[in-house]
Amino acid sequence: EICACLVGSEMCIRDRYLWCITKVFFIFMKYTDDINIFKLNKDFTAEIDITGTFGHIYHYPQRMNGCLFILCLRGECDITIHLSEHKIQKNDIVTILPETFVHVHRQSPDCRLYLVGFNKELLNGINFFNSTKNYLSALIDTPVTPLRPETSELFQDYFMLLIKMKHIEAKPNKDLLSSMLLTILHGVGNIHQNTNVTTRAFNRGEEIVKRLVQYIIKHYTQERSVAFYADLLHISPQHLSTTVNKITGKTVTDIIAKLVITDAEAKLKSTDLTIQEIAYSLNFPDISFFGKYFKRYTGMSPKQYRENVE
């Protein structure tokens with residue numbers, strides 16, 4: 001029943017598409033350079049990564065411009081999704097939602113990934129938040145979901161269908177793609193709702209840290225003050241600082257800076273924005289203040305980072 005959303009008419013794939021798997025596999029033996037995916041004229045993408053391309057593209061932090069699903073067939077991948085570090089292993093499925101920062105630290109040589117992505121316009125078309133409200137918080141809190149082998153096989157078949165669809169000449173109908181996107185989301189969501197993934201209770205301190213991170217993600221481009229976030233949480237700055245340090249071993253300022261620096265690094269490496277424009281986008285009063293802040297946490301100036309970091 002966990003996999004009910006994946007066992008519709010689309011899932012008659014083994015009989016209809018098994019003949020094409022070998023052919024499609026060899027198509028993707030080449031280096032894939034377009035899984036940094038979400039171009040304006042592209043509703044979806046689907047790839048098999050067997051050459052470490054995912055890690056190559058996201059070897060520095062980048063903001064995800066659509067919704068990306070990753071299914072690990074074998075090997076390992078160490079990844080940071082927003083502020084949390086994760087290890088992806090065989091039969092894990094990963095859900096990366098739009099506007100999430102992604103940074104791949106390591107992808108093992110034997111790592112094999114299915115990658116399926118949908119652009120933000122398709123998510124808007126399915127009324128994303130209403131469609132996923134029963135399990136959205138679980139997808140955000142627990143983006144990496146382990147699957148049973150038989151469930152993983154169902155997702156593999158479904159992803160293979162999307163891979164084949166990407167390489168046919170006719171452009172897939174948007175209603176069909178929206179339906180397939182919802183099928184994957186509901187499939188992962190049902191797994192969360194039918195397992196213990198979402199049932200863990202947080203103590204008071206952990207709940208404060210969880211809500212703090214949510215507020216930082218929402219407001220970091222405008223606010224870096226501990227007092228601002230303490231006010232949102234209806235506690236004193238001292239109480240917030242003590243709680244965060246006890247739970248995480250870090251300061252509130254460190255957590256805010258992590259996201260600010262991640263955003264700055266992404267913009268320095270993946271956009272043509274000037275350093276001044278990046279400084280203003282993160283609400284720094286001037287380029288000098290931004291430069292000092294950036295160097296404090298990275299050990300180099302924004303210009304040095306842009307020029308020297310591969």
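Positions are given from 1, in the same order as the sequence printed here.
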Between the main-chain N or O of [Y] and the side-chain N or O of [X], is there a donor-acceptor pair closer than 3.5 Å?
| X | Y | answer |
| --- | --- | --- |
| N119 | L122 | yes |
| Q304 | S301 | yes |
| S241 | Q238 | no |
| T248 | K250 | yes |
| T298 | F294 | yes |
| E265 | P61 | no |
| D92 | Q89 | yes |

Just verifying a value: how many Å separate [X] [atom1] and [Y] [atom2], rounded to the nearest 0.5 Å?
| X | Y | atom1 | atom2 | answer |
| --- | --- | --- | --- | --- |
| R148 | I191 | CZ | CD1 | 9.0 Å |
| H167 | L162 | NE2 | CG | 11.0 Å |
| D231 | E223 | CG | CD | 10.0 Å |
| L113 | T51 | CG | OG1 | 10.0 Å |
| K90 | C111 | NZ | SG | 12.5 Å |
| T271 | K269 | OG1 | NZ | 11.0 Å |

Does L268 belong to the same Ile/Leu/Val/Met/Phe/Trp/Tyr cluster as Y280, with side-chain heavy atoms less than 4.5 Å apart forming each link?
->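 As far as the 4.5 Å side-chain criterion goes, Y280 and L268 are not connected within one cluster.
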
Would a hydrophobic clustering, with Ile, Leu, Val, Met, Phe, Trp and Tyr connected at side-chain separations under 4.5 Å, put I287 with I261?
->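 Both belong to a single hydrophobic cluster.
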
Side chains of [X] and [Y] only: does a donor on one sit below 3.5 Å from an acceptor on the other?
| X | Y | answer |
| --- | --- | --- |
| T251 | T253 | no |
| Q156 | S152 | yes |
| H192 | T142 | no |
| H219 | Y229 | no |

Hey, would you say the F54 and Y58 ring centroids sit under 6.0 Å apart?
-> yes

Distance-minimising heavy-atom pair for [X] and [Y]:
| X | Y | value |
| --- | --- | --- |
| M160 | I48 | CE-CD1, 4.1 Å |
| L282 | K267 | CD2-NZ, 4.2 Å |
| G75 | C72 | O-SG, 3.7 Å |
| R224 | Y293 | CD-OH, 3.8 Å |
| P237 | A227 | CG-CA, 4.0 Å |
| P146 | V144 | CD-O, 3.9 Å |

Minimum side-chain heavy-atom gap [X]-[Y] below 4.5 Å:
| X | Y | answer |
| --- | --- | --- |
| L185 | L139 | yes |
| D272 | E277 | no |
| E47 | I163 | no |

Who are the salt bridge (charged side-chain N to carboxylate O under 4.0 Å, His left out) partners of [X], not counting sequence neighbours?
| X | answer |
| --- | --- |
| R106 | E76, D78 |
| K258 | none |
| E99 | R63, K120 |

From CA spacing to verdict: side chain to side chain contact (heavy atoms under 4.5 Å, CB included), F118, L68 | CA-CA 7 Å; F118 299 87; L68 181 66; over 6 Å; no

Partners of [X] by side chain to side chain contact (heavy atoms under 4.5 Å, CB included), sequence neighbours excluded?
| X | value |
| --- | --- |
| L233 | I208, R211, L212, Y215, I235, L240 |
| I217 | H82, V213, L259 |
| T80 | E85, H103, H105 |

With side chain to side chain contact (heavy atoms under 4.5 Å, CB included) as the test, would you mind laying out the steps for F44 and M180 before giving the verdict?
-> CA-CA 11 Å; F44 85 108; M180 299 183 85; over 6 Å; no

Kindly indicate, with the supporting measurements, whether the criterion side chain to side chain contact (heavy atoms under 4.5 Å, CB included) is fulfilled by Q107 and I88.
-> CA-CA 9 Å; Q107 192 171 347; I88 304 170; over 6 Å; no

Would one find more than 12 heavy atoms of other residues, nucleotides or ligands at under 6.0 Å from atom NZ of K87?
->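 It does: K87 NZ has more than 12 such atoms within range.
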
OH (Y297) with more than 12 external heavy atoms under 6.0 Å = yes

Take F290 and I278, measure what side chain to side chain contact (heavy atoms under 4.5 Å, CB included) needs, and give me the verdict at the end.
-> CA-CA 9 Å; F290 171 63; I278 294 171; 3.9 Å; yes

Ion pair check, R112 and D49, cut-off under 4.0 Å |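 Salt bridge absent between R112 and D49.
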
So H186 and Y135, would you call those rings parallel, tilted or perpendicular, with 30° and 60° as cut-offs?
->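 Perpendicular.
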
